[in-house]
Amino acid sequence: MAAVAQCVRAALRPRYPLLSFSLRTSPRLLCVATQQKNTGQNLEEDQSQSQNEQIFEPSSAEKMLTEEKAKLEEQLKEVTDKYRRALADAENVRQRSQKLVEEAKLYGIQSFCKDLLEVADILEKATESVPKEEIKDENPHLKSLYEGLVMTEVQIQKVFKKHGLLRLNPVGAKFDPYEHEALFHAPMEGKEPGTIALVSKIGYKLHGRTLRPALVGVVKDA
C-alpha cells in the first residue's frame, strides 16, 4: 500500500501539489476514494442490469394482459363468424319467403282456374255440337246463338292467357307424361309410335306448370 501511495504522489506532484500533500498526510484517503468509486460503478452496473432485466423480462401483469388480449381476439373471431352465419341464414329465409310469396301470387288462382276450365269445356262442346250446315242466314236465331258462343269462347281464352293459363292441344306431338295422360295406346298407319294421334280433352298449363294434363291417345308399334 505504501508503494502505491508513493507512485500516486509522484504522479500528481507536478500538477496538483495540494492533492499530493493530502495524500502524503493521509494515505488512507486514496483507498477510500478508490473503494467509493468502485462501489459507485458496481451500483450503476447493478441498476443497469436490473433495468435490462425489467425491459427484456415482462412482468406478470403484462403476461396476464397479453393472455387476456388473445382470449378476447378469439372471442371476437367466434362472434364475427356466428354473426356472418346468422346473416346468411336470414338471407336464405328471406329468399325462400319471397319465393313462396311469388308462387302464392302466381298459383293462388289455381283452384279457381280449374273450376273455370269446366266452363270452357262446356262452351267448346256447345260450339262443336252445332251443325255447321245449319248455320245460315235462313236460321238467324241459330246463327246468332252460335256466333255468341264462339265470341264467348274466344273471350274466355283471352282472359286465360292474360293470367298465364294456356291450352294444351298436342295432336302430333311426342307423348310427355308431365303434360299428357294416355287414355289408350293403339297402332295407326302413317303415324310415328310414341306420338299423340287423338286428344280427347284439352289440357292447360298455369305459368308453365301443368294444371290439367291433356287426355290423349298414343300411337304404338304395330
Side-chain angles (χ1 to χ4, degrees), residues 83-222:
Y83 175 70
R84 290 176 179 174
R85 292 194 194 97
L87 284 180
D89 293 339
E91 181 63 20
N92 292 334
V93 171
R94 187 191 68 81
Q95 291 179 358
R96 287 196 296 268
S97 301
Q98 185 177 0
K99 185 178 180 181
L100 291 174
V101 170
E102 292 175 355
E103 289 182 353
K105 290 180 180 179
L106 290 175
Y107 305 108
I109 59 173
Q110 183 170 298
S111 59
F112 179 68
C113 289
K114 283 184 177 181
D115 294 337
L116 285 180
L117 294 183
E118 301 297 330
V119 178
D121 293 339
I122 293 172
L123 284 174
E124 186 178 2
K125 290 180 183 285
T127 54
E128 290 176 354
S129 63
V130 177
K132 301 299 186 291
E133 63 275 7
E134 298 294 332
I135 304 173
K136 300 177 182 178
D137 293 336
E138 291 81 8
N139 296 325
H141 299 293
L142 181 60
K143 184 178 180 181
S144 298
L145 178 62
Y146 177 78
E147 291 177 351
L149 290 173
V150 171
M151 291 176 63
T152 303
E153 186 179 4
V154 171
Q155 186 62 32
I156 198 171
Q157 291 299 326
K158 287 183 179 179
V159 174
F160 286 171
K161 188 176 181 180
K162 179 181 178 181
H163 293 280
L165 189 61
L166 301 178
R167 286 163 55 100
L168 290 176
N169 191 6
V171 177
K174 282 283 186 181
F175 177 77
D176 186 354
Y178 295 101
E179 296 182 357
H180 315 135
E181 182 178 346
L183 294 176
F184 61 89
H185 293 78
M188 294 185 183
E189 294 182 1
K191 300 289 184 180
E192 183 181 356
T195 59
I196 296 172
L198 177 67
V199 176
S200 176
K201 194 172 185 179
I202 298 293
Y204 284 89
K205 295 180 75 174
L206 179 62
H207 295 293
R209 180 186 294 179
T210 302
L211 181 63
R212 187 181 75 182
L215 304 180
V216 299
V218 184
V219 180
K220 72 174 184 178
D221 294 331

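For this chain, numbers begin at 1 and follow the sequence in order.
Between F175 and H180, the ring planes are tilted. Angles from 30° to 60° get that label.
Listed here is the closest heavy atom pair of A214 and P170: CB-CD, 4.1 Å. The heavy-atom pair separating I202 from L168 by the smallest distance is CG2-O, 3.5 Å. Pairing each heavy atom of V219 with each of E192, the nearest pair is CB-O, 3.6 Å.
Residues L166 and F160 are not in side-chain contact: their nearest non-hydrogen atoms beyond the backbone lie 4.5 Å or more apart. Looking at heavy atoms from C-beta onward, K220 lies in side-chain contact with P187 at the 4.5 angstrom threshold.
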So L211 and L117, side-chain contact (heavy atoms from CB on, under 4.5 Å) or not? Walk me through it. CA-CA 10 Å; L211 181 63; L117 294 183; 4.0 Å; yes

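For the pair E91 and R94, the salt-bridge criterion is met [side-chain N within less than 4.0 Å of a carboxylate O].
K205 NZ: more than 12 foreign heavy atoms inside a 6.0 Å radius. Within 6.0 Å of the NZ atom in K174, the count of heavy atoms belonging to other residues, nucleotides or ligands exceeds 12. More than 12 heavy atoms of other residues, nucleotides or ligands sit less than 6.0 Å from atom CD of E133.
Formation of a donor-acceptor pair under 3.5 Å by the H163 side chain with backbone atoms of H207 is not found in this model. Distance alone, capped at 3.5 Å, places no donor-acceptor pair between the S200 side chain and the L215 backbone. For the pair S144 (side chain) and H141 (backbone), a donor-acceptor distance under 3.5 Å is absent. Judged by distance alone, with hydrogens and angles left aside, the side-chain atoms of N139 form no donor-acceptor pair with the main-chain N or O of I135 at under 3.5 Å.
Once rounded to the nearest 0.5 Å, the distance linking CD of E124 with NZ of K201 reads 10.5 Å. Atom CD1 in I122 sits 13.0 Å away from atom OG1 in T152 (nearest 0.5 Å). Separation of atoms CG (L183) and CG (L198) is listed at 8.0 Å; rounding is to 0.5 Å. For the atom pair F112 CZ and L206 CG, the distance stands at 12.0 Å (nearest 0.5 Å). Annotation: the span from E128 atom CD to K132 atom NZ amounts to 7.0 Å, rounded to 0.5 Å. Here the CZ atom belonging to R167 is positioned 9.5 Å from the CZ atom belonging to R212, to the nearest 0.5 angstrom.
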